[in-house]
Amino acid sequence: MTAIDEKIEPIFAEVLRRNAGEVEFHQAVMEVLGSIGRVVAKHPHYANSALIERICEPERQIIFRVPWMDDKGQHHIARGFRVQFNSALGPHKGGIRFHPSVNLGIIKFLGFEQTFKNALTGLPIGGGKGGSDFNPRDRSDGEIMRFCQSFMTELQRHVGEYTDVPAGDIGVGAREVGYMFGQYKRITNRYEAGVLTGKGLIYGGSRARKEATGYGAATFVQCMLRTRNTDFEDKKVVVSGSGNVAIYTMEKILSLGGKVVACSDSNGFIVDEGGIDLDLVKEIKEHRRERISEYAKIKKGTSRYVDGGTIWDVPCDVAMPSATQNELTGKDARTLIRNGVVAVGEGANMPCTPDAISAFREAGILFGPAKAANAGGVATSALEMQQNASRDSWTFEQTEKRLSEIMVGIHDLCAQTADEYGSPGDYVLGANIAGFVRVAEAMEALGVI
Ligand code: GLU
């Protein structure tokens with residue numbers, strides 16, 4: 001990882017002091033601050049008016065109690081969060097994550113990343129993130145609904161079409177967004193469709209939103225491959241995860257001629273050298289809501305399930321970590337490099353550790369960082385907001401075309417910025433600088449607020 005410039009070092013030291021113990025947040029801040037030394041050298045005014053300090057400090061952090069009742073009548077308390085990180089470019093925008101690992105530091109890292117990611121889309125959206133340490137695994141539909149209603153009963157005070165627009169993330173899909181929207185509508189007595197994105201198609205959702213993060217990530221990697229005169233055709237690909245991002249990353253890769261040989265969940269991974277049967281993965285994960293090990297039970301002859309272990313041991317040309325933060329370590333990166341990987345695209349948020357990113361950059365591997373590569377989801381959320389504001393509904397083709405143009409635009413912006421700052425092909429630097437400059441310009445224009 002690039003060392004932090006000595007002028008910026010004291011700002012980072014203050015972030016560490018003020019946010020003690022929030023390791024994921026430190027990691028996300030370090031990555032951005034480690035990239036902007038050259039920007040500050042070129043534009044010293046960015047060091048004025050505590051601009052960088054303000055960018056590292058969320059505008060608002062909300063923590064609340066979420067009481068809920070399970071099917072047996074027992075009461076539970078979860079903790080809810082919403083971090084409204086930055087609204088210089090538009091209303092706060094970012095997903096909601098339900099996972100037992102959720103804490104304030106994780107939501108802050110996600111909100112910080114989201115701010116720059118959203119800036120890269122070029123659309124008018126600020127950054128935010130929310131969630132809860134509620135574990136939705138094995139919960140009934142009724143329990144999920146009651147939890148979402150309780151969560152929104154508090155969250156509704158803080159969100160709105162012009163204020164803060166949540167969406168899904170890990171553990172939150174169209175079902176949960178539907179329950180939250182229903183409760184918002186009931187409490188506020190307003191059909192304010194633009195308050196949430198990732199909605200179902202029947203009540204104001206956008207076509208291609210479900211597919212967008214995965215399709216966008218594959219499109220970004222395709223753009224990177226093209227810079228080396230190649231593409232996905234006949235490439236062997238490993239995609240970690242089997243949630244929404246992973247499934248639609250695989251779908252796009254298949255349509256571009258690639259072959260996906262492995263995917264995973266938090267228990268283990270499956271390998272199918274003949275090519276993963278995506279319809280079966282969808283059936284298991286989207287409909288039955290079961291574990292990925294079921295795949296190997298159904299496809300006994302051709303596939304195998306590995307309990308635990310690391311999916312990054314499976315040799316491939318392209319790796320797309322699409323599960324969760326810090327899932328791909330330096331050791332995994334070195335294994336992938338040894339096995340001949342040519343490109344890595346981050347579908348999840350911050351899935352590669354700093355050590356892994358350094359290894360890929362040093363080896364000259366094409367590396368698409370999350371805030372650029374996975375921006376297609378939130379970009380399509382912004383398109384959903386556009387459709388809601390104009391009371392319109394676009395076709396799948398129209399929406400997918402916009403998504404694809406946005407992803408090509410993000411790729412080109414990152415590549416041009418890396419060139420401009422003297423590191424051709426360094427998408428990490430390009431994404432961090434381009435995102436930072438957009439947020440910084442807007443914040444300067446708005447005064448010290
Ligand atoms: N959770 C997604 C992300 O990490 C999407 C957020 C949104 O659509 O607002 O970007």
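Side chains included, hydrogens not; waters and symmetry mates left out as well; all remaining heavy atoms used. Every number for a ligand or one of its atoms is a count from 1 in the order of the listing. Computed from a prediction, not measured in an experiment: that's the story for all the values here.
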Atom 8 (O) of ligand 1 sits nearest the protein heavy atom Ser381 OG, 2.5 Å
Nearest neighbour in protein (non-hydrogen) for atom 6 (C) of ligand 1:
Gly95 N, 3.5 Å
Close-contact set for ligand 1 against [X] heavy atoms, below 4.0 Å:
{"X": "Gly94", "answer": "9 (O)"}
{"X": "Ala167", "answer": "7 (C), 8 (O), 9 (O)"}
{"X": "Gln114", "answer": "3 (C), 4 (O), 6 (C), 10 (O)"}
{"X": "Lys117", "answer": "3 (C), 4 (O), 10 (O)"}

Under 4.0 Å, counting heavy atoms only: does Gly198 come that close to any atom of ligand 1?
no
Does ligand 1 have an atom that lies less than 4.0 angstrom from a heavy atom of Lys129?
yes
From the list Glu397, Gln398, Glu405, side chain to side chain donor-acceptor pair (under 3.5 Å) partner of Lys401 resolves to Glu405
Heavy-atom pairs closer than 4.0 Å: do any link ligand 1 to the side chain of Asn349, the backbone, both, or neither?
side chain
Honestly, for Arg209 the part within reach of ligand 1 (heavy atoms, under 4.0 Å) is side chain
Step by step, would you call Arg146 with Gln149 a side chain to side chain donor-acceptor pair (under 3.5 Å)?
CA-CA 5 Å; Arg146 288 194 296 280; Gln149 289 175 339; over 6 Å; no
For Lys185, is the NZ atom crowded, meaning more than 12 foreign heavy atoms sit under 6.0 Å from it?
no
Based purely on interatomic distance, does Lys93 place a nitrogen or oxygen under 3.5 Å from a nitrogen or oxygen of ligand 1?
yes
Return a yes/no value for Pro166: is any of its N or O atoms, backbone included, closer than 3.5 angstrom to an N or O of ligand 1?
no
Positive for side-chain contact (heavy atoms from CB on, under 4.5 Å) with Val314, one of Thr335, Val271, Leu336:
Val271
Can you confirm whether Lys371 sits close enough to Glu31 that some side-chain heavy atom of one is under 4.5 Å from a side-chain heavy atom of the other?
yes
Kindly state whether the ring of Phe81 and the ring of Phe151 have centres lying under 6.0 angstrom apart.
no
For Val221 against Ala343, the heavy-atom pair lying closest together
CG1-CB, 4.3 Å
Between atom CD of Gln183 and atom OG1 of Thr188, what is the distance when rounded to the nearest 0.5 Å?
10.0 Å
